[in-house]
Amino acid sequence: MTSRIELRAAPHVSKGASVERIMFNVVVALLPICAFAVVQYGLSALALIVTTTLTCMASERLFNRLAGRPAALSDWSAAITGLLLALTLPPAFPLWMAAVAGFVAIALGKALFGGIGYNVFNPALVGRAFVQAAFPAAITTWVPAYYDGRFTAFIPTTLTAPLMTPPNLSEWVGRHAVDGFTGATPMARWKFENQIAEVGDFLSGMATASVGETSAPLILICGLFLAVRGFLDWRIPVAVLGSAMLLALVFHLADPGRYPPPVFVLLSGGLVLGAVFMATDMATSPVTPLGVWLYGALIGALTVVIRYFGGLTEGVMYAILIGNALAPLLDQLTPPRVFGQARGGLRDHFRRKPETRP
Amino acid sequence: MTFLSFLRNNSFARGVHPDARKSTAGSPIRRMPFASRMTLPLAQHIGTPAVPLVRAGEEVVRGQPIARADGHLSVPIHAPADGVIEAIELKPSARGPWVESIVLRVYEASTQEIRWAEPRDLEALSPAELLRAIQDSGMVGLGGATFPSHAKLSVPESHPIHTLIVNGCECEPYLTCDHRLMLEYPADLMVGIRLAMRAIGASRAIIGVEDNKLDAAAAMRAQLPADGDITVRVVPTKYPQGAEKMLIKALLDVEVPPGKLPMHVGVVVNNVGTLTQLGQLLPAGQGLTERVVTVAGPGIGKPGDYWVPIGTPMRTVLGWAGVPDADAREIVLGGPMMGLAVASLDVPVTKGVSGILVFDPRPEESAAGRREYPCIKCGECVRVCPMGLNPSMLGMLAAHREYDRMGAEFHLGECFECGCCAYVCPSRIPLTQQFRAAKGILRRRAG
Ligand code: SF4
Ligand code: SF4
């Protein structure tokens, strides 16, 4: 008789937050960025996005089954990895290589660590780092945005047969390029030719970039949508962008001839995309509020340092991966102050001392 | 007060804002009739169980002591109605195990009249005699803690008390019993506050009320004595504002250090419900025989606040409140954040039951729908824990059974099981439940 009563431990109410809800909202927030990428790069971008997303979801399913975990894709996290991965790849990237990236992202970036929540590194960036090393030529082949006929035909390299080297694109690019297209990213042009792109070039998508990197304002709006709804920790993008701009400003002021203005640093490469959608990956960022600030600031500063002094033109990806690796340590170093415990340390230094008597 | 003090949030850090759902706040407290049979567990308080003073077959009158306190940390139990003692036997309790209880068969002619009272001249009593009188009344913390009131008010001389804090926050969703008491019995509350101040030697009292109960604050302000010793302060509505340490922080901006009690910072906290009852019972020389209980939840016929005789079976209360199918529902004693789900409807209302909440069975949240994910390290729990703990880390350690590390490195002992972390967790990890279990294991290990 009494056995029908439900027995559950307190609390008996919940805020209603769920992993599915968070992840689904991130997917929704990524869709406008994907759509914009398709407008810019046409069929090839669409195929790229679909390919990585499907491979990621299929791999997730495969590994969940192998590991005996509930094979639910309903948490959308694999879809996010797929979408993000596509956005970091060059538009002309061959689809078979993109599929490899997607598989590696889930296999090495996620399943190896034990699946959702246990991964140390952002899976999308693991996939991207892998293909950066495996296919150095393809990952630096750029095409102009808004080229004619992008909605009716693929870029020739897109459909390269699996395991084949993609054809050389320079002739195709020559036919489709608008004036001033150089085939190098603004970051590379600055680094190797000391040319600084105009702000207008970035915002209009005229600067060469990966699929989803050329729409900083759109990315910020989508990020804001998530932050307002509580699905994204706003501190991370603020810290990343803030520290990157600040450091860039210091360099620029010290030697304006050599170092570009901060806005160039902000808009070039994947900084905004990385700050808003990749550094904020919950599983791979710290949980303590102070740890989060430090993590963001570290990523921003590392990005600038790698860009200015490293051999690479693109620093965000590695900066975030380093940040991911340090996240558990940051958590350990910045425990919240236990209620009633004596104040001290960096953070509490700025707070009022407690009164012992009212 | 510095000139910047208005910048300071007049509350504690973190916490959550659950839906209040206090729809029962608007209607007066009603009285529930006597059940035909009542069950009075001997242990309704924290401490040593009471010792029966009656035998099966004995007739008792309403208000008569039927069990006596056993030592200092114990209180007597009074008969809630006229009737005859049927048995003293093991009966199911809210927590599950069967406990020794006095079963009373109530006479149909039993009236509301209290027929056993020893009025005393309270003014003439010394603090020690006053504490004795409080113990005789059977009073315990009615907010749910059930710590004997006289023990709470007995402060060692090494810790002089400057302030009595009166907790009128009632921060748990659904519950409105304290709200109604503040509205309807502010004069009794003032009497109770005066008595408690005398017992602990405090020179002032501050009543803390959340800002969603401004009518209660106004009702109490109208009754404040002219000498200004008692004040009413409105604090922000936030859970768990009614936790002792949080309220002290909000009202006095003092933090009770880890492992210490309010008295270590010169404060004693008492709940408004407790002090209102104290103000009613002590001058009349009566014992605690009934309390106000909020009966609420979705789909109840007659939700509201009721004076319920202690010992009334849950099934009877729910029947009167219009819950015919109570067996199929989830029943929670207390508030939804910290309350206890009951295993059997045959358990009685005891001194610590502030609310009886009836929730619908939730098929959409059945096992599959409520899949628990691994911690995704969203950090929400860290951002809401009022004690400044890291529930994410504690949860991971609990999963690995590293209880010692939870206690030694991550301050598990400071967790007071408020439920904020589990409330926000998107992975639906039963964090609070894990911590409760871990604390139990550590306690047992310590012997
Ligand atoms: S239940 Fe414990 S750990 Fe969780 S929020 Fe409350 S005090 Fe913190
Ligand atoms: S709220 Fe839950 S998922 Fe988020 S960090 Fe805490 S334990 Fe992990």
**Complete:** Max heavy-atom pairs within cutoff under 4.5 Å with chain A, candidates B/Gly388, B/Cys385, B/Gly419, B/Ser392, goes to B/Gly388

**Item:** Qualifying residue, where the test is side-chain contact (heavy atoms from CB on, under 4.5 Å) with B/Ser354 and the options are B/Leu333, B/Leu175, B/Thr294
**Value:** B/Leu175

**Asked** By a 4.5 Å heavy-atom criterion (distance strictly below it), what part of B/Val424 contacts chain A: side chain, backbone, both, or neither?
**Response** both

**Request:** State, yes or no, whether a side-chain contact exists between A/Phe277 and A/Ile80 at a heavy-atom distance under 4.5 Å.
**Result:** no

**Asked** Can you say whether A/Asp233 sits under 4.5 Å from chain B via the side chain, the backbone, both, or neither, judging by heavy atoms?
**Response** side chain

**Request:** Between chain A and each of B/Cys425, B/Gly339, B/Ser427, count heavy-atom pairs under 4.5 Å; write down the option with the most.
**Result:** B/Gly339

**Message:** Under 4.5 Å from any heavy atom of chain B, what part of A/Ile116 do you find: side chain, backbone, both or neither?
**Reply:** both

**Message:** Which atoms of B/Pro257 are under 4.5 Å from chain A, going by heavy atoms: the side chain, the backbone, both sets, or neither?
**Reply:** both

**Request:** Verify the distance criterion only: is there a donor paired with an acceptor across the side chains of A/Lys110 and A/Ser77 at less than 3.5 Å?
**Result:** yes

**Request:** List in chain and number order the residues that pass ring-ring contact (aromatic ring centres under 6.0 Å, His included) with B/Trp98, two or more places apart in sequence or in another chain; answer none if no residue qualifies.
**Result:** none

**Asked** Where on B/Pro386 is there a heavy atom nearer than 4.5 Å to chain A: the side chain, the backbone, both, or neither?
**Response** backbone

**Asked** Which one of B/Gly259, B/Gly335, B/Pro336 has the most heavy-atom pairs closer than 4.5 Å to chain A?
**Response** B/Pro336

**Message:** Do B/Tyr239 and B/His17 make a side-chain contact, defined as non-hydrogen atoms from C-beta onward lying under 4.5 Å apart?
**Reply:** no

**Side-chain heavy atoms of B/Val332 within contact of B/Leu340, under 4.5 Å** = no

**Part of B/Glu417 within contact of chain A (heavy atom distance under 4.5 Å)** = neither

**Asked** Of the backbone (N, CA, C, O) and the side chain (C-beta and beyond), which part of B/Cys418 lies under 4.5 Å from a heavy atom of chain A, both, or neither?
**Response** neither

**Request:** Sort B/Leu357 into side chain, backbone, both or neither according to what part of it lies under 4.5 angstrom from a heavy atom of chain A.
**Result:** neither

**Interface moiety of B/Cys375 toward chain A, non-hydrogen atoms closer than 4.5 Å** = backbone

**Request:** Please tell me if the side chains of B/Lys245 and B/Glu255 come closer than 4.5 Å, counting only heavy atoms from C-beta onward.
**Result:** no

**Atom group of B/Met387 that falls short of 4.5 Å from chain A, counting heavy atoms** = both

**Prompt:** Would B/Gln241 and B/Ser11 count as having a side-chain donor-acceptor pair, cut-off 3.5 Å?
**Reply:** yes

**Request:** Please examine the side chains of B/His162 and B/Val267, heavy atoms only from C-beta on, and report whether any two atoms are closer than 4.5 Å.
**Result:** yes

**chain A contact via B/Pro18 - side chain, backbone, both or neither, heavy atoms under 4.5 Å** = neither

